Amino acid sequence: MNGYGRGFSTLTEERTEASLLIVGAIPDWLRGTLIRNGPAHFELGDGRVTHWFDGLAMLRKFTFDDGTVTYANRFLRTETYKARKQGHLGPGEFASAPTTGFLAKLKSIIVPETTDNANVTVVELGSRMVALTEVPRAIAFDPETLATRGAVAFDDELSGHVMTAHVHHDTAREETIGLLTKFGKPSTYIVYRVADGSLRREEIASVSVSRPAYIHSIGLTDRYVILTEAPFTVNPLSFLKLDNDGFIEHFTWDGTDETRFIIIDRENGRVVATPRASSFFTFHHVNAFEREGHIVVDLVAYPNPDIIDGLYLDRLERGEFKGLVGELRRYTLPTAGTERVECEPLSEIAMELPTIAPTVRRQPHRYVYGQGSVMDGDGFSNYLVKADVESGSSAIWTAQETFCGEPVFVPRPSGEREDDGVVLSVILDTAGEQSSLLVLDGETFSELARAPLPHVLPFDFHGAFFDHVW
């Protein structure tokens, strides 16, 4: 592969509590644990999976205490992990075709199977630490040892075929909000809540739809849930075909259609508005809040879902990957009606994997942190960005031949400003073949410290910082 290809290569080594040498200084107030999740193993017998999103889940843990940091990593020991070790790939993967034969495919149609390769993110749910992906199979793990504790058994009757990997925790209401999609005739979007300390999902709303869309994340305000439904949809009957296509291959894009916002009242489950916009595709919502009788939604948008095709491993090998070049946009939505809305670009700098300070979730925010790429000759360069959505200005952190992971903002406990804190990321120096934990000042966006890791880490997806020291 090209220079960035090292980040899409398999890592087999696992470490437990390795103390890291720090270059620079980590603030003494930074105390807690950053846990990240993402694919780290791509081989399958004599072959491999075909898409980055299908790599085996590996947890990465960074523990901060009194200016020090320790590191550990471990694969999730799931059913999928065990099958892959035997060279088998079953149905239900994101894009990779199963290696099983005709009878197994027929069985999967009669008794649907889904992967438990929870390689997208980590959350605290029902007093358990769990790893999530886009199917409703949450995998619990021990945050101290990273040992897999098995699938979470929800205490309810809700069911679905797809789940948004990103859920929202509302500290004020002490609940987590998520979305299930159930295929059928018709199909259904099911918005649910889980009270803190519980594993019972309670249905908030059920919305019928003939062709369900691929929805990776949702928006949330104090009063509303926002579903962003791009015209990247599926006819559920296509899953009954005896083909070997991966899950996402069944979805089709119709750029002549519009993207619809479905706005749901959290209290009574009613759909109160369905405004539309010119077609766009999105993975990630940044934030949403209410202002002057409207709903403001910030997200990262693409003109179409070609980014998914760009992440097949063979295309990465051929150097066809153009980087993560989404546009940071704002949509101001009505709380009633079906009117058409326009977007407001918030930054000239392309970005993905956006995050904000946790203290301003569901409130007006000023800063968005993200990772981005820009084409540079025959390749592209990679950077971290801090976008000021009020002034339109941006700050960039970049280093030669270095690729950056998702930034995570951690506020200083006694801080008063929105950007008073640090930004944590995992970077890969491809020239030196060295992965490191990077610590940036949240205000100045200058480097405070980095801590080289004992091996090269494949690129991951998402992570979260927890106040606990595990």
Side-chain angles (χ1 to χ4, degrees), residues 162 164 166 179 181 187 189 191 207-221 224-235 248 250-264 271-311 322-354 356 364-365 368 370 372-375 385 387 389-390 392 394:
V162 182
T164 51
H166 297 279
L179 175 71
T181 299
S187 295
Y189 299 137
V191 179
V207 181
S208 296
V209 59
S210 59
R211 289 184 63 95
Y214 172 76
I215 300 177
H216 183 74
S217 67
I218 61 177
L220 184 73
T221 73
Y224 301 104
V225 178
I226 303 98
L227 311 184
T228 304
E229 185 189 53
F232 188 45
T233 63
V234 64
N235 178 351
I248 203 64
H250 293 270
F251 285 73
T252 57
W253 173 256
D254 182 3
T256 66
D257 202 353
E258 295 177 307
T259 291
R260 180 173 69 149
F261 297 94
I262 304 173
I263 301 174
I264 299 166
V271 175
V272 297
T274 54
R276 295 175 177 269
S278 297
S279 62
F280 68 88
F281 173 77
T282 184
F283 279 119
H284 299 117
H285 292 71
V286 178
N287 192 27
F289 55 91
E290 298 158 43
R291 184 172 64 187
E292 299 177 350
H294 289 76
I295 300 170
V296 178
V297 178
D298 288 2
L299 49 77
V300 174
Y302 296 86
N304 54 53
D306 285 355
I307 181 65
I308 295 175
D309 289 338
L311 293 170
K322 304 304 181 185
L324 299 173
V325 289
E327 181 181 55
L328 181 61
R329 292 182 183 176
R330 171 165 293 177
Y331 288 88
T332 301
L333 309 177
T335 56
T338 60
E339 69 182 70
R340 201 169 188 279
V341 296
E342 302 294 333
C343 72
E344 175 191 352
L346 295 178
S347 174
E348 295 181 354
I349 307 296
M351 70 162 61
E352 244 301 354
L353 305 175
I356 60 172
H365 60 276
V368 178
S373 312
V374 62
M375 294 306 298
V385 57
V389 302
E390 290 186 6
S394 296

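Worth saying up front: this structure is predicted, and the values here are computed from it rather than measured. Numbering of residues begins at 1 and proceeds along the displayed sequence.
Atom CZ of F251 sits about 10.5 Å away from atom CG of N235, to the nearest 0.5 Å. With rounding to the nearest 0.5 Å, the separation of CD in E352 from CG in L328 is 10.5 Å. Interatomic distance, L333 CG to E339 CD, rounded to the nearest 0.5 Å: 9.0 Å. Rounding to the nearest 0.5 angstrom, the gap separating the CD1 atom in I356 from the CG atom in D298 is 8.5 Å. Note that OG1 of T282 is 10.0 Å distant from OH of Y214, once rounded to the nearest 0.5 Å. In this structure, the separation between CG on L179 and CD1 on I226 is 12.0 Å, given to the nearest 0.5 Å.
Residue P212 comes nearest to Y189 through the heavy atom pair CA-OH, 3.5 Å, listed as atom of the first residue, atom of the second, then distance. Closest non-hydrogen pair, V385 versus S394, comes out as CG2-CB, 4.0 Å. Here the closest non-hydrogen pair linking F281 and A230 is CA-CB, 4.2 Å. What you find for V300 and M351 is that their closest heavy atoms are CG1-O, 3.3 Å. Summarising the geometry of H294 relative to P334, their closest heavy-atom pair is CD2-CA, 4.0 Å, with the distance given to 0.1 Å. Across all non-hydrogen atoms, the minimal contact from Y302 to V325 is CE2-C, 3.9 Å.
For the pair P231 and T259, the minimum side-chain heavy-atom distance is below 4.5 Å. Side-chain contact check for F283 versus H166: every heavy-atom pair is 4.5 Å or farther apart. Annotation: side chain of N287 is not in contact with side chain of V368 (no heavy-atom distance under 4.5 Å).
Of the listed residues (I262, T228, L227), just one forms a side-chain contact (heavy atoms from CB on, under 4.5 Å) with I218, and that residue is L227. When the options D254, I308, T252, N304 are evaluated for a side-chain contact (heavy atoms from CB on, under 4.5 Å) with F232, the one that passes is I308.
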- [ ] Applying side-chain contact (heavy atoms from CB on, under 4.5 Å), run through T335 and I295 and close with a yes or a no.
- [x] CA-CA 7 Å; T335 56; I295 300 170; 3.9 Å; yes
- [ ] Show your working on side-chain contact (heavy atoms from CB on, under 4.5 Å) between V209 and E229 and close with a plain yes or no.
- [x] CA-CA 11 Å; V209 59; E229 185 189 53; 3.6 Å; yes
Task: F280 vs Y331, ring pair (Phe, Tyr, Trp, His ring centres under 6.0 Å): CA-CA, chis, key distance, verdict - done: CA-CA 12 Å; F280 68 88; Y331 288 88; 5.0 Å; yes
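In this view, E344 and R330, L346 satisfy the side chain to side chain contact (heavy atoms under 4.5 Å, CB included) rule, not counting sequence neighbours. Remark: S217 pairs with H285 by the side-chain hydrogen bond (donor to acceptor under 3.5 Å, both in side chains) rule, at least two apart or across chains.
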Side chains of residues 272-279: which donor-acceptor partners sit under 3.5 Å, not counting sequence neighbours?
from	atom 1	to	atom 2	distance (Å)
S278	OG	R340	NH2	2.6
S279	OG	G255	O	3.1

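Dense packing is recorded around CD of E390, with more than 12 heavy atoms of other residues, nucleotides or ligands lying under 6.0 Å away.
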